[in-house]
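Values below: every heavy atom of this structure, side chains too, minus hydrogens, waters and symmetry copies.
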Number of protein chains: 2
Amino acid sequence: MIQGDLDKVDIQILKLLQQDASFTNKEIALKLHKSIATVHERIRRLKEQGYIKKIVAILDRKKIDRNLIAFSHVLLKEHTAATLVKFETEVSKFPEVMECLQMTGAHDFILRIATRDMDTYHEFLRNKLATLPNITTVQSYFVLSEPKSETAYPI
Amino acid sequence: MIQGDLDKVDIQILKLLQQDASFTNKEIALKLHKSIATVHERIRRLKEQGYIKKIVAILDRKKIDRNLIAFSHVLLKEHTAATLVKFETEVSKFPEVMECLQMTGAHDFILRIATRDMDTYHEFLRNKLATLPNITTVQSYFVLSEPKSETAYPI
DNA sequence: ACTGAAAGATAGTAGGC
DNA sequence: GCCTACTATCTTTCAGT
């Protein structure tokens, strides 16, 4: 199944809404040379069918005092199904963990951790992450700069 | 400066909009026990002052046929200012590159690459990424599963 | 700062092509 | 699948506290 049953107009709508979901139906209708009702119906369907998962606000993390982003590469001791699920469940409960990704290769999981600063990260590591059972190692890398940061998928 | 000049109500609004930006002012006003006009004015200010950078639609990547997410760890030959900027600029032009992060530690950059499948990634690597000057090595890791995936910062 | 109410714009619905 | 037209709801503004 390639691109489900999306036509050109659907793709254009998704492209626009990925960039800016505060476009009105009227604005989109103008850009795509369709009526407002058509655009409305398309978007309703794209939401209903799950192409659009949610509409969210993206904040400026520096302004809300989340200056440090860490990528923590985690290696576990065992890889039983139960161990993996347990780790995923527990680590997902920490609000500092924005992403938990199970990976191929040298590490089991990559975590994206947002904290105020290095001290706060250190605290998180010692008092939260490192207390989980079954962890072998955690290697921490930190974001120096973000030349590109997109939520939009190429379509 | 801790949390700029945001009060409790601002924080609550940001929390809500990070989770779901399609809440109406009325819904937010009800939740926070404020008037619609107050909520409206708060949100206007939060946008104007840059706390809210943008409102976007988050798509289901599997539905739009972006099944493979790769993290590509890139090491450059030189680290002159010109070299770094050149790399950042060029790599940011590729639509497959959703994120380009300069990192501390063993690698210079981590790239988040979204492609249809392994073949498409391989193609991207050979024909696009690996053609950039000054690259020493690219190590590719792939996402097996996403137990947690959030755009919302903890606040 | 916050509020209620008015005015204007938008989302959402219905019926027909 | 697309449209026009209508209604409900929401955003936005503003005078008043």
Would you tell me if any nitrogen or oxygen in the side chain of A/T38 comes within less than 4.0 Å of OP1 or OP2 on D/dC2? no
Minimum-distance nucleotide to [X] side chain [options: [options]]:
{"X": "B/R42", "options": "D/dG1, C/dC2, D/dT11", "answer": "C/dC2"}
{"X": "B/A37", "options": "D/dC2, D/dC10, D/dC14", "answer": "D/dC14"}
{"X": "A/N25", "options": "C/dA11, D/dC14, D/dA5", "answer": "C/dA11"}
{"X": "A/K26", "options": "C/dC2, C/dT10, D/dT11", "answer": "C/dT10"}

[atom1] of [X] versus [atom2] of [N]: gap in Å, rounded?
{"X": "A/L46", "N": "D/dG1", "atom1": "CG", "atom2": "P", "answer": "12 Å"}
{"X": "A/H33", "N": "D/dG1", "atom1": "NE2", "atom2": "C1'", "answer": "18 Å"}
{"X": "B/L32", "N": "C/dC2", "atom1": "CG", "atom2": "P", "answer": "11 Å"}
{"X": "B/K47", "N": "D/dT11", "atom1": "NZ", "atom2": "P", "answer": "9 Å"}
{"X": "B/H40", "N": "C/dA6", "atom1": "NE2", "atom2": "P", "answer": "18 Å"}
{"X": "B/E41", "N": "D/dT13", "atom1": "CD", "atom2": "C1'", "answer": "11 Å"}
{"X": "B/F23", "N": "D/dT9", "atom1": "CZ", "atom2": "P", "answer": "19 Å"}
{"X": "B/I36", "N": "D/dC10", "atom1": "CD1", "atom2": "C1'", "answer": "8 Å"}

Please check: side-chain N/O of A/S92 versus main-chain N/O of A/E88, any donor-acceptor pairing under 3.5 Å?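 A pair under 3.5 Å: yes.
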Checking all strands, does B/T24 fall into the base, sugar-phosphate, or nothing category for heavy-atom contacts under 4.0 angstrom? sugar-phosphate
Closest heavy-atom pair, B/D65 versus B/R116, reported as atoms and distance to 0.1 Å, is OD2-NE, 3.0 Å
Hey, what's the ring geometry for B/Y141 with B/H73, parallel, tilted or perpendicular (30° and 60° as the breaks)? perpendicular
Mind checking whether A/Y121 and A/F142 have parallel, tilted or perpendicular rings, split at 30° and 60°? perpendicular
Test side chain to side chain contact (heavy atoms under 4.5 Å, CB included) on A/V91 and B/K148 and set out the steps. CA-CA 9 Å; A/V91 87; B/K148 185 173 186 179; over 6 Å; no
